Amino acid sequence: MEIRQLRCFVAVTQELHFGKAAQKLGVLPASLGREIKGLEASLGVRLLERTTRNVVLTEEGAALLAQAQSLLKQVERIENSFRGRPQKDRTEIKIGAIDSAAAGLVPQLLHQLRSTHPSLTIHLLEDKTVSLLPKLDSGRLDLAFVRPSELIDRRFKVLPLFNETVVVALPVGHRLSERRSIGVAELDGEPLIVPDRKSRPHSHDLTIKLFTDAGMHVRIAQIAEEKQTIINLVAAEIGLAIVPRWTSRLAVSGVKYIPLELHVGSGAGRLPLAAAWLKGTRDPLRELVLDELRENIEIYSANA
């Protein structure tokens, strides 16, 4: 039995829905299911009864719940007591970032930090939001740049930064490749490469919403998970893709990036970026990075 399994179990009992509990924890539903099955296997009992619509506690699950909640509170107190201790000699900070932030925001931020705080060592991990949040929770990361959501667990503090704008990635020989900008209506009927919704819900929904708001049908040619894969598929002329502008820093031969025309004041076509960290923790190095970020936010967001 592991602490992570107990946290998953308690989240499911609070939501009584695997999908909602997975979103709350920032993990995939399949991963959450594996954690619950592992917990049941280690205890040798069935804790939850699952149907297509409902999740119900078994008698054994109800008996475990109170003990699990008490244990997790104790674990949280222990974690906070150690996280709150001063770390005078610490010079390393672990930062996670989604791919577009790793390509655009983070290099600018690190360049500035190297100038102002040369003794600071930064360990960078690039991953998706659903993978970064559990690492924040476990202490493997001190700070992460993620896509914010109202479903992010309340244990995290979220600082909204700015919206990334999007561009159209298309093959160099495409009929629209010489345009200075492209309207959404001009993409009607075009095959699209769309991110997998389970791992990249913001990017997936943005593409779908742009089309549905324009009264157009989305013609999905391929679903892919990684941005690099998506751009390589564009180069192979499988389809077009709507991606964050910072993705254009991925140098792939045979691909052009054209600005997407949007209505003034429209919220569509923009992807929110935020900094996130664990609540109730004191970390001078994290505050140092956040101060640097706040001071130069207009510079960092200028080309987002």
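This is a predicted model, so every value here is computed, not measured. Side chains included, hydrogens not; waters and symmetry mates left out as well; all remaining heavy atoms used.
A salt bridge does not link R175 with E186: every distance from a Lys NZ or Arg NE/NH1/NH2 to an Asp or Glu carboxylate oxygen is 4.0 Å or more.
Taking 4.5 Å as the limit, every side-chain heavy atom of F156 sits out of range of all side-chain heavy atoms of V146. Contact annotation: the side chain of V167 never approaches that of L260 to less than 4.5 Å [non-hydrogen atoms, C-beta and beyond]. At a threshold of 4.5 Å between non-hydrogen side-chain atoms, the residues D142 and V289 do not count as touching. A 4.5 Å side-chain heavy-atom check between N163 and L273 finds every atom pair outside the cut-off.
In terms of the side-chain contact (heavy atoms from CB on, under 4.5 Å) criterion, residue partners of L288 (sequence neighbours excluded) are, by chain and number, L113, H117, L120.
Between the T229 side chain and the A224 main chain, no donor and acceptor come within less than 3.5 Å of each other. Judged by distance alone, with hydrogens and angles left aside, the side-chain atoms of N232 form a donor-acceptor pair with the main-chain N or O of Q228 at under 3.5 Å. Between the side chain of H204 and the backbone N or O of D196 there is no donor-acceptor pair closer than 3.5 Å. Side-chain N or O atoms of T121 include none that pairs as donor or acceptor with a backbone N or O of E92 at under 3.5 Å. Listed for the T129 side chain is a donor-acceptor partner under 3.5 Å among the backbone atoms of R147. Side chain of K256 to main chain of L176: no donor-acceptor pair is present (N/O by atom type, distance under 3.5 Å, no hydrogens or angles). Looking only at distances, a side-chain donor or acceptor of R286 sits under 3.5 Å from a matching main-chain atom of T281.
Pairs engaging residues 292-304 under the salt bridge (charged side-chain N to carboxylate O under 4.0 Å, His left out) rule: D291-R294 [sequence neighbours left out]. Sorted by first then second residue, the salt bridge (charged side-chain N to carboxylate O under 4.0 Å, His left out) pairs that include residues 227-247, not counting sequence neighbours, are D99-K227.
Atom CG of residue D205 and atom CG of residue L210 lie 11.0 Å apart, to the nearest 0.5 angstrom. Atom CD of Q222 is separated from atom CD1 of I238 by 7.5 Å, given to the nearest 0.5 angstrom. Here CD1 of I36 is found 7.5 Å from CG of L47. Values are rounded to the nearest 0.5 Å.
With 3.5 Å as the limit, one finds no donor-acceptor pair spanning the side chains of S138 and R7.
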